[in-house]
There are 2 protein chains.
Amino acid sequence: MKLKAKILNIATKGPYIAILNKVTAAKLNIEPLDRIKIRDGSKKELVVAVDFSYGKKEIAENEIGLFLDVSDILGIRDNELVNASIIPKPVSLEFIKKKLDGHELSKDEMDKIIKDIVNNELTEIESTYFVSGCYIHKLSLDEAAYLTEAILNNGGRLNFSGKTVVDKHSVGGLPANRTTMVITPIIAAAGFYMPKTSTRSITSPAGTSDVMEVLAPVSHSKEKIMDIVKKTNACMVWGGTMDLASADDKLIKLERPLNLDPEGIMLASILAKKASAGASHVIIDIPVGPEAKIKEIKKAKDLAKKFIVLGRRLNMNIKVLLTDGSQPVGNGVGPALEARDVLSVLEGHGPVDLRDKSLYMASMILEMAGVPNSYNKAKNILDSGLALHKMKDIIKAQGGNPKVSSSDI
Amino acid sequence: MKLKAKILNIATKGPYIAILNKVTAAKLNIEPLDRIKIRDGSKKELVVAVDFSYGKKEIAENEIGLFLDVSDILGIRDNELVNASIIPKPVSLEFIKKKLDGHELSKDEMDKIIKDIVNNELTEIESTYFVSGCYIHKLSLDEAAYLTEAILNNGGRLNFSGKTVVDKHSVGGLPANRTTMVITPIIAAAGFYMPKTSTRSITSPAGTSDVMEVLAPVSHSKEKIMDIVKKTNACMVWGGTMDLASADDKLIKLERPLNLDPEGIMLASILAKKASAGASHVIIDIPVGPEAKIKEIKKAKDLAKKFIVLGRRLNMNIKVLLTDGSQPVGNGVGPALEARDVLSVLEGHGPVDLRDKSLYMASMILEMAGVPNSYNKAKNILDSGLALHKMKDIIKAQGGNPKVSSSDI
């Protein structure tokens, strides 16, 4: 049928939605969340889910309301007549139902679900059923591997060919765990690449990005980030602008309202992000304690095993450290105080626990990357001021003031 | 904070949403689906969930995009400054999480979830987790009773005081099961009230409303429906405009993408709708067969028991009939052919199976309502033409042509 386009002044970057008047929908026998394919006369076409409008004021009969996301892609203008036809629902909905019913998904099924989520072809209601299924029925190790590969294959990648890329990740939940910002300049000063991208914090009040933002901007284009890393061997940026693992960002949005963090999705999310940045050696820090996300040593060991097995399937060398998560590391909690702790450790004073934990982890990473006598190497880089110097290079490359010192904050 | 309102020309009758620019949200430390309370300076206020806009073109920094649903309620105009403050998430999200984790919900918890769904205070993502929990973990009989009461207490009611209201319901899935349209005029002619409201069809191609629509309009205001029933003892209308059991309509929308129909929600949905119309005697028809929704007799008996126990808790007298669902009843499938079948049975000819099944069920209803010798009574009403006459009264009251006969269709 032909419908008159009404461009709605919103872009959500979310699933593609078109709005039909209830009367139009009834005439066409369309129910909410049915799919229609829109063509603008040229060759471009797009599948959108239908939602209803009820008044006549906005979307009248025989009109179709289009968000800017849709009208921009198709180049449709207000009042233009567009061709729309009803099409079947995406096959990925069957796979989501399968998971909700407790069955295991195959590699292809997982890939199709993630592809459709990334391409905005599933509504948030539909993707929420996927999260529900993964949460209640858990993912098998196979499924977690398929999900990792699916996120990886349907997202962007950083390519630092020829360089050894290492990384670390802390399984969240522990406030003020700012070792990353001490470790990164040590590793970068030792000659390895360590491009740190973080998502928004899911379960803790401030993430590494928030703390780094006290010292330098953290939102950069993918090109700029590549540039920063090539110049300094490292970066500490917010990953949201990079389209790395973009399925992941969409799933996290759905998990937030109930603070869900299904283990299988968490494993896949972390490993896909590391793999998309080309990391070959990764340290995973699992703080264990009553305040941390993982409260029991048994659970932590089980999780560690899964990280290692999954890493092997992705050709990634993974070492897991179970650390004491019984209290915050450093003196302060909150972006400014945590940034001050980090700088003071790099300057040669500062909280001893943050220094010790960072040195320990840095030496593990160096050891994995083949550096002999790695603890002394890390200690020398920190004590000689090389790490501080490297930190200032990174701050400068990201557009901050490299003359900053801990006493300024 | 103060934000400048941008009224978005959409009303969805769905959950209340406000759109913030990503930059504004980051400054205020708001994540997608966080809640803000909007005040317009007067005493009215409304809680909305936040979604993000990404470009500057539509919702710029320090602006807030409002759907017509929200701006109409608060009387906010374009460019007006509105006060917005961040508030905690609704407590019903904890209860939804509890169900998702497999725990049983209390009466108060169930009521709060449904109240928030009806009041548009939960986003569709959040309500979808509720449906997921009910689907995977099933509802206990207690929970199904609480859900029925919650839907009932948070929806509209019809009040026919002093009259005995009876009803019938067929558990869907069987095409062309048009007994309702033969039974209703028989019962109405016998002097009982039978206000039939139907939802849109969930699992079968055409519902009673669609078939009745061939003979008369089925969308009427609540007042008009009360009027039709008072005039004729019955109606056969679409229930969507009535705000009876409105939680139910919202849940059905969420179930459709995966064709879910969780038993507990189905039981509550049917019984709440009957109770909201004041029905004291209800026949439930469960067709059993390979083509029907219920395929095994054991499953049907189990379901029957639940209907009866739940009905007792709601002071409702329920009788369940397990009928042969192995083939369609009547000659035709599709609104027009099914309407013709119905009229021809009322005229004294027509498919024998439809006549027999309808008479049998009508007599059961009359028996429940205390009519002696109920089968002969029903048969007399049909054979004497009283039922046809009553059908024409109903068609006329709903605005159709009472002179219609089966040969016209």
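Quick note on labels: first sequence line is chain A, next is B, and so on, each numbered from 1.
For chain A, the nearby parts of B:Lys253 are the backbone and the side chain; heavy atoms of each come within less than 4.5 Å. Residue B:Asp34 touches chain A through its side chain alone, counting heavy-atom pairs closer than 4.5 Å. Interface remark: B:Phe67 contributes side-chain atoms only to the contact with chain A (heavy atom separation under 4.5 Å). Both the backbone and the side chain of B:Leu93 come within less than 4.5 Å of a heavy atom in chain A. Only the side chain of B:Ile19 comes within contact range of chain A, with heavy atoms under 4.5 Å apart. Looking at B:Leu33, only its side chain comes within 4.5 Å of chain A, counting heavy atoms on both sides.
One finds the CG atom of B:Leu258 at 8.0 Å from the NZ atom of A:Lys89 (value rounded to the nearest 0.5 Å). Atom CD of A:Glu255 sits about 6.5 Å away from atom OH of B:Tyr129, to the nearest 0.5 Å.
Closest approach of B:Pro32 to A:Arg256, counting heavy atoms only: O-NH1, 3.7 Å. For B:Ile125 against A:Glu124, the heavy-atom pair with the smallest separation is CD1-OE1, 3.4 Å.
Atom CD of B:Glu104 is surrounded by more than 12 heavy atoms from other residues, nucleotides or ligands within 6.0 Å. More than 12 heavy atoms of other residues, nucleotides or ligands lie within 6.0 Å of NZ in B:Lys295, so this atom counts as buried by the packing criterion.
Every residue meeting the side-chain contact (heavy atoms from CB on, under 4.5 Å) condition with B:Ser127, not counting sequence neighbours, appears here in chain and number order: B:Ile117, B:Leu122, B:Leu254. With sequence neighbours excluded, the residues forming a side-chain contact (heavy atoms from CB on, under 4.5 Å) with A:Ala49 are A:Ile17, A:Arg35, A:Thr123, listed by chain and number.
For A:Thr128 and B:Thr128, the side-chain atoms include no donor-acceptor pair closer than 3.5 Å.
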Item to complete: Run the numbers on B:His137 and A:Ile136 for side chain to side chain contact (heavy atoms under 4.5 Å, CB included), then give the verdict.
Response: CA-CA 9 Å; B:His137 294 302; A:Ile136 299 183; 3.7 Å; yes
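Chain A forms the most heavy-atom pairs under 4.5 Å with one residue out of B:Leu100, B:Asp51, B:Val131, B:Asp101, and that residue is B:Leu100.
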